[in-house]
Amino acid sequence: MGNEFAQGREWNFNESLDWFLLGEEGGNWHKGMLNWVRDLNRVYQQYAALYQLDHGPSGFEWLVVDDWQQSVFAFERKAKDGSSVIVISNFTPIVHHNYRIGVAQDGIYKEILNSDAAYYAGSNVGNYGKILCEEEPSHGKPYSLSVSLPPLATIFIVRTAKPEQEQELIKKVESAFKKRKTLRKKEKVRSSR
């Protein structure tokens with residue numbers, strides 16, 4: 001009880017939670033923690049990769065497990081539809097700019113959650129939107145991202161298709177609809193005979 005806004009003292013069933021910490025006298029830190037927990041729960045519900053394949057190893061992959069020098073680890077959670085969420089944590093008080101992490105798929109990546117954002121009373125170091133994928137192998141993957149890792153923080157990243165990949169997908173869908181329409185016309189002609 002009280003963990004959702006970082007109450008410092010242990011919960012006591014005889015007393016109320018320290019709700020006053022969320023006011024002006026409590027400073028922004030407690031309100032930031034409350035906002036973080038709320039948004040973390042929202043992201044958990046919004047992205048199936050964070051829960052859908054919990055029961056098996058296909059839903060989880062370590063991306064960085066051996067960077068003890070910089071105290072960073074990263075993993076990828078996966079959904080049935082192939083979408084995923086990459087989670088990267090920096091356990092040092094040092095910002096790591098241009099930290100390279102390997103990814104399996106090309107695309108445009110986007111930071112969707114950053115525990116160091118000013119909104120959560122952090123120092124506001126982050127990637128501020130799009131993260132371009134490069135065809136530079138890293139961590140055993142064919143592509144990689146160069147990210148800014150905020151101090152003592154965790155970031156969540158998702159992949160979106162590049163515009164040319166979206167256009168290819170649109171062309172494939174349009175082609176499939178044209179083929180389907182042609183097949184229906186042929187079936188009508190056959191059935192009318």
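Atom CD1 of Ile112 is separated from atom CD of Gln46 by 7.0 Å, given to the nearest 0.5 angstrom. We find the CD1-CG distance between Ile86 and Leu145 to be 6.0 Å, quoted to the nearest 0.5 Å. One finds the OH atom of Tyr47 at 7.5 Å from the CZ atom of Arg42 (value rounded to the nearest 0.5 Å). For the atom pair Arg77 CZ and Ser84 OG, the distance stands at 11.0 Å (nearest 0.5 Å). Distance check, rounded to the nearest 0.5 Å: CG of Leu40 to CG of Leu50 gives 8.5 Å. Separating the CZ atom in Phe60 from the CG atom in Asp54 is a distance of 10.5 Å, to the nearest 0.5 Å.
Aromatic ring pairs are classed by plane angle as parallel below 30°, tilted from 30° to 60° and perpendicular above 60°; the pair Phe73 and Phe75 is parallel. The aromatic rings of Tyr51 and Tyr44 sit tilted, their planes meeting at an angle between 30° and 60°.
The only member of Val147, Ile101, Ile155 that meets side-chain contact (heavy atoms from CB on, under 4.5 Å) when paired with Ile131 is Val147.
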Next on the checklist: Apply side-chain contact (heavy atoms from CB on, under 4.5 Å) to residues Val64 and Ile88 and explain how you reach the verdict.
Outcome noted: CA-CA 9 Å; Val64 178; Ile88 310 171; over 6 Å; no
Item to check | CA sep, side-chain torsions, deciding dist, call: Asp39, Tyr120, side chain to side chain donor-acceptor pair (under 3.5 Å) | outcome: CA-CA 10 Å; Asp39 289 350; Tyr120 309 124; 2.6 Å; yes
Next on the checklist: Asn114 vs Tyr119, test: side-chain contact (heavy atoms from CB on, under 4.5 Å). Steps then yes/no.
Outcome noted: CA-CA 9 Å; Asn114 177 345; Tyr119 184 63; over 6 Å; no
Checklist entry - Step by step, would you call Asn41 with Arg38 a side chain to side chain donor-acceptor pair (under 3.5 Å)? => result CA-CA 5 Å; Asn41 286 328; Arg38 183 198 59 237; over 6 Å; no
Checklist entry - Which is it for Ile108 and Lys110 under the side-chain contact (heavy atoms from CB on, under 4.5 Å) test, yes or no, and what are the steps along the way? => result CA-CA 7 Å; Ile108 296 173; Lys110 181 176 136 184; 5.9 Å; no
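At least one donor-acceptor pair under 3.5 Å links the side chain of Asp116 to the backbone N or O of Ser123. Judged by distance alone, with hydrogens and angles left aside, the side-chain atoms of Thr154 form no donor-acceptor pair with the main-chain N or O of Ser115 at under 3.5 Å. Panel note: side chain Asn90, backbone Ala153; no donor-acceptor pair is recorded below 3.5 Å. Arg159 contributes a side-chain N or O that, together with a main-chain N or O of Asp106, makes up a donor-acceptor pair within less than 3.5 Å.
With sequence neighbours left out, the side chain to side chain donor-acceptor pair (under 3.5 Å) criterion links Glu136 to Arg100. By the side chain to side chain donor-acceptor pair (under 3.5 Å) test, Asn124 is found to be paired with no residue, residues two or more places apart in sequence or in another chain being considered.
For the 3.5 Å distance criterion, the side chains of Asp67 and Tyr99 qualify, holding a donor opposite an acceptor.
Of all heavy-atom pairs between Ala104 and Tyr143, the closest is O-CD1, 3.5 Å. Pairing each heavy atom of Gly126 with each of Tyr128, the nearest pair is O-CE1, 3.3 Å. Contact record, Ala48 with Ala79: C-CB, 4.0 Å, taken as the closest heavy-atom pair. For the residue pair Asn127 and Ser148, the shortest heavy atom distance occurs at OD1-N, 2.8 Å.
Remark: Lys141 does not engage Glu76 in a salt bridge, criterion side-chain N to carboxylate O under 4.0 Å.
Within 6.0 Å of CD in Glu135 there are 12 or fewer heavy atoms belonging to other residues, nucleotides or ligands.
Applying the salt bridge (Lys or Arg N to Asp or Glu O under 4.0 Å) definition to pairs two or more places apart or across chains, none involves residues 81-95.
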